[in-house]
2 protein chains.
Amino acid sequence: MTDGERLLDAVLRLTTALQRDMETGLAAVGLTPARAHLVGVLVTSGPQPQQALARQLEVTPRNVTGLVDALERDGFVTREPQPTDRRASIVTLTARGREVADGLVAGRRELGGQLARVLPAGRVAALADDVAALADEVERLAGGAR
Amino acid sequence: MTDGERLLDAVLRLTTALQRDMETGLAAVGLTPARAHLVGVLVTSGPQPQQALARQLEVTPRNVTGLVDALERDGFVTREPQPTDRRASIVTLTARGREVADGLVAGRRELGGQLARVLPAGRVAALADDVAALADEVERLAGGAR
DNA sequence: TATTGTTATACTCTATAACTATA
DNA sequence: TATAGTTATAGAGTATAACAATA
């Protein structure tokens with residue numbers, strides 16, 4: 001097996017483990033990855049109409065309807081009427097939604113710290129650069145193939 | 001942002017890009033990730049009854065029924081009767097299934113090569129080791145939390 | 001009595017198409 | 001006429017529970 005294949009294997013293994021870890025963490029607070037993604041956009045970009053969410057999530061408006069339905073039912077967000085355009089509603093985090101979102105951010109920071117502690121302190125920055133370079137390349141491969 | 005957080009960000013970006021890249025590749029040959037996973041197990045471990053597939057894929061037997069239904073319909077596998085146990089059937093790759101699977105293996109090898117070329121040759125092996133160490137840690141975190 | 005695979009049912013994420021209300 | 005969001009429909013992956021056929 002070449003070093004490149006070993007690298008790919010390790011990355012795929014990391015991918016699977018990370019996904020599992022994050023999904024169980026999200027499930028513990030009552031979220032799924034897709035719903036957490038939407039919550040993340042609200043945290044970063046503030047209250048938004050569903051069209052804007054659809055664009056940022058790269059998903060159809062219909063899909064956003066379903067995600068917001070579930071998040072609203074579970075008390076994470078509300079749909080606020082927009083006075084200037086009665087077609088649109090503004091999706092807004094509830095207090096509880098914000099609390100949960102803050103917890104996710106904290107958990108992510110903690111996971112970053114745990115990963116950093118796996119390696120000698122001097123290597124973490126270089127590793128981050130190398131992995132970023134790999135990500136750039138894969139994005140180029142996928143994007144450029146069109 | 002700490003180096004650990006930068007590392008985590010890079011890894012998550014790589015994860016997303018890889019997933020997208022692989023999904024489009026699979027779709028081009030008529031497979032989904034879940035079905036390709038099943039095909040991969042057949043390549044590695046040979047023809048299997050569905051119970052064994054369910055264990056290796058870590059999904060329910062019911063789920064395997066659905067995946068095999070789809071793979072059978074699309075001509076990738078067949079269900080062969082098992083003479084010694086008439087309850088069970090043995091899931092077997094067709095000639096076309098094997099061809100497609102060989103293509104996936106080749107594609108993976110090529111992707112490994114492309115990743116390796118992103119970095120100075122001397123760093124690839126060390127990077128593979130570091131990423132493997134991260135994967136070990138995340139598996140430990142997820143598994144040990146039970 | 002235990003095991004293999006299935007039918008029945010349900011939830012989540014995703015998509016397209018057609019429609020309503022509003023701009 | 002264009003836009004925001006919905007209903008209708010569909011496919012994929014996943015799960016549990018009940019059941020048939022076989023061991």
When rounded to whole Å, the CG to P distance for the pair B:L67 and C:dG5 reads 14 Å
Students should find that the nucleotides of DNA chain D closing off the region near chain B, any atom under 4.0 angstrom from a heavy atom, are D:dA12 to D:dA23
Whole-Å distance, B:L38 CG to C:dG5 C1', equals 15 Å
To the nearest angstrom, the CG-P distance between A:L26 and C:dT12 comes to 14 Å
Check nucleotides 15-18 of chain C against the protein and report each pair of N or O atoms closer than 3.5 Å, with its distance, or say if there are none.
from, atom 1, to, atom 2, distance (Å)
C:dA15, OP2, A:T60, N, 3.1
C:dA15, OP2, A:T60, OG1, 3.3
C:dA15, OP2, A:N63, ND2, 3.4

Between A:V29 and A:F76, the two heavy atoms sitting closest are O-CZ, 3.5 Å
Taken to the nearest 0.5 Å, the spacing of A:E137 CD from B:L111 CG works out to 9.0 Å
Pair B:L104-B:L31, side-chain contact (heavy atoms from CB on, under 4.5 Å): steps then yes or no: CA-CA 10 Å; B:L104 295 183; B:L31 284 175; 3.9 Å; yes
Taken to the nearest whole Å, CZ/B:R55 to P/C:dT3 is 10 Å
Query - Side-chain heavy-atom pair A:L42, A:L53 within 4.5 angstrom cut-off - result: yes
When rounded to whole Å, the CG to P distance for the pair A:L31 and C:dT12 reads 12 Å
Categorize A:Q50 for me: base, sugar-phosphate, or nothing, with a 4.0 angstrom heavy-atom threshold over every strand shown. sugar-phosphate
When A:A70 and B:A88 are each assigned the nearest nucleotide of DNA chain C, the 5'-most assignment goes to B:A88
Rounded to whole Å, CZ of B:R87 lies from C1' of C:dT3 at a distance of 4 Å
Minimal heavy-atom distance between A:G112 and B:L8, with the atoms involved, is N-CD2, 3.9 Å
Comparing A:D85 with A:G66, nearest DNA chain C nucleotide closer to 5' gives the residue A:G66
task: Flag the pair A:R96 and A:E99 as a salt bridge only when some basic side-chain nitrogen lies within less than 4.0 angstrom of an acidic carboxylate oxygen.
output: no
ask   = Between B:R79 and C:dT6, does any side-chain N or O lie under 4.0 Å from OP1 or OP2?
value = yes
Handout entry: Short N-O contact, B:R6 and B:D9, less than 4.0 angstrom
Key = no
Is the closest basic N to carboxylate O distance between B:R13 and A:E139 below 4.0 Å? yes
Side-chain ion pair, B:R20 and B:E23, N-O less than 4.0 Å: no
B:D69 CG to C:dA8 P, in whole Å, measures 13 Å
When rounded to whole Å, the CD to C1' distance for the pair B:E80 and C:dT4 reads 17 Å
